[in-house]
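Here's the structure we're looking at; comments come further down.
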Amino acid sequence: MSEATDTLNGFEAEQASTPRVVVLISGSGSNLQALIDAQSYDELGGEIVAVISNKADAYGLKRARDAGIEAVALPHREYDSREAFDGALIKVIERHEPDLVVLAGFMRILTPRFVQRFYGRMLNIHPSLLPAYQGLHTHARALADGVSEHGVSVHFVSEELDGGPVVVQAAVDVTPEDTEDSLQQKVQSREHLIYPIAVRWFLEGRLTLGAQGPTLDGTPLPPQGLRLSHADAAEELDEDLEDDDA
Ligand code: GRF
């Protein structure tokens with residue numbers, strides 16, 4: 001066998017084994033961007049092969065195109081029912097043969113059929129320390145309750161809205177000065193830190209969802225996943241901790 005053929009075979013083998021990711025979005029796509037950036041540093045553990053949005057004007061579609069990733073708009077309004085839309089979405093996703101489906105600000109309630117189709121290979125990110133504050137307006141609700149700690153969770157998707165098994169959380173301290181905007185910014189900086197990590201764990205085969213719940217490297221995760229503290233994340237993000245201690 002010639003050297004050229006060897007190289008080609010090696011290349012093809014590598015291509016064939018690169019795990020494939022499809023990302024679903026509805027809006028800005030800042031989490032998508034964090035995943036794209038991780039991929040560009042070879043830190044995602046796989047390749048984003050398509051980004052699909054139920055909103056044609058989602059800024060995240062531009063982010064995908066700019067990164068050379070196939071961007072698909074599938075407006076839900078063009079379908080008569082939730083079931084019809086989810087059926088069409090399943091078809092588009094499966095055309096891309098993903099190993100993992102990543103929900104990154106995908107603002108749709110999913111049908112049981114959709115969830116079952118990708119169960120165990122679909123992750124979501126939710127801006128709260130689940131099980132607290134499932135649903136919308138999490139930052140405003142946390143502030144209204146006067147909690148001292150808030151954060152973000154990455155979880156496997158189950159039929160219960162924001163109720164699937166949690167993989168990893170990052171906490172933020174809530175200070176008296178915090179507003180909805182400042183809290184959202186703090187939480188989003190953590191989102192962008194932990195989502196690429198969780199995706200990589202999955203794509204490297206370290207994170208799985210078994211009958212007993214999620215495991216990392218074969219060890220069952222605690223009920224609320226692994227927890228990154230405010231200070232640890234702040235250090236990782238090179239944030240000034242003094243302000244928060246005041
Ligand atoms: C994030 O806050 C995420 O936690 C929630 O939706 C938002 C999406 O933001 N699920 P972006 O589109 O990734 O900027």
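This is a predicted model, so every value here is computed, not measured. Numbering of ligands and ligand atoms starts at 1, following listing order.
- Judged purely by atom type and a 3.5 angstrom limit, Thr179 uses its side chain to pair as donor or acceptor with the backbone of Ser182.
- Distance from atom 12 (O) of ligand 1 to its nearest protein heavy atom, with residue and atom name: Gly29 N, 2.8 Å.
- Under a 4.0 Å heavy-atom criterion, Gly60 is not in contact with ligand 1.
- Per-residue contacts place Gly105 under 4.0 angstrom from the following atoms of ligand 1 (heavy atoms of the residue considered): 6 (O), 8 (C), 10 (N).
- Not a single donor-acceptor pair under 3.5 Å links the side chain of Arg117 to the backbone N or O of Pro112.
- Classification of Arg95 and Glu70 as a salt-bridged pair fails, no side-chain N sitting under 4.0 Å from a carboxylate O.
- Each of the atoms 4 (O), 5 (C) of ligand 1 lies under 4.0 Å from some heavy atom of Pro127.
- Counting heavy atoms under 4.0 Å from ligand 1, residue Gln188 touches it through the side chain alone.
- Around atom CD of Glu236, no more than 12 heavy atoms belonging to other residues, nucleotides or ligands sit under 6.0 Å away.
- How far CG of Leu103 is from OH of Tyr195: 5.5 Å, rounded to the nearest 0.5 Å.
- Here's the thing with Gly27: none of its N/O atoms is less than 3.5 angstrom from an N/O atom of ligand 1.
- Under a 4.0 Å N-O distance rule, the pair Asp178/Lys186 qualifies as a salt bridge.
- On a distance-only criterion, Met107 and ligand 1 share no N/O pair closer than 3.5 Å.
- Residue contact check for ligand 1: Ile125 places a non-hydrogen atom closer than 4.0 Å to it.
- Ligand-side atoms of ligand 1 in range of Ser30: 11 (P), 12 (O), 13 (O), 14 (O), range being under 4.0 angstrom from any heavy atom.
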Sequence neighbours left out, cut at 3.5 Å: what donor-acceptor pairs do the side chains of residues 145-166 make with other protein atoms?
unit_1, atom_1, unit_2, atom_2, d
Asp145, OD2, Tyr133, OH, 2.6
Glu149, OE1, Arg227, NH1, 3.4
His150, NE2, His139, ND1, 2.9
Ser153, OG, Ser128, O, 2.6
Ser153, OG, Leu130, N, 3.0
Ser153, OG, Gln169, NE2, 3.0
His155, NE2, Asn124, ND2, 3.1
Ser158, OG, Glu160, N, 3.4
Ser158, OG, Gly164, N, 3.4
Glu159, OE2, Gln116, NE2, 2.7
Glu160, OE2, Gln134, NE2, 3.4
Asp162, OD1, His126, ND1, 3.4
Asp162, OD2, His126, ND1, 3.4
Asp162, OD2, Gly135, N, 2.8

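- Both cation-pi conditions hold for Arg108 and Phe85: the charged atom is under 6.0 angstrom from the six-membered ring centre and inside a 45 degree cone around its axis.
- The N/O atoms of Asn31, backbone and side chain alike, include one that comes under 3.5 Å of an N/O atom in ligand 1.
- Against a heavy-atom cut-off of under 4.0 Å, Glu191 is close to the following atoms of ligand 1: 1 (C), 2 (O), 3 (C), 4 (O).
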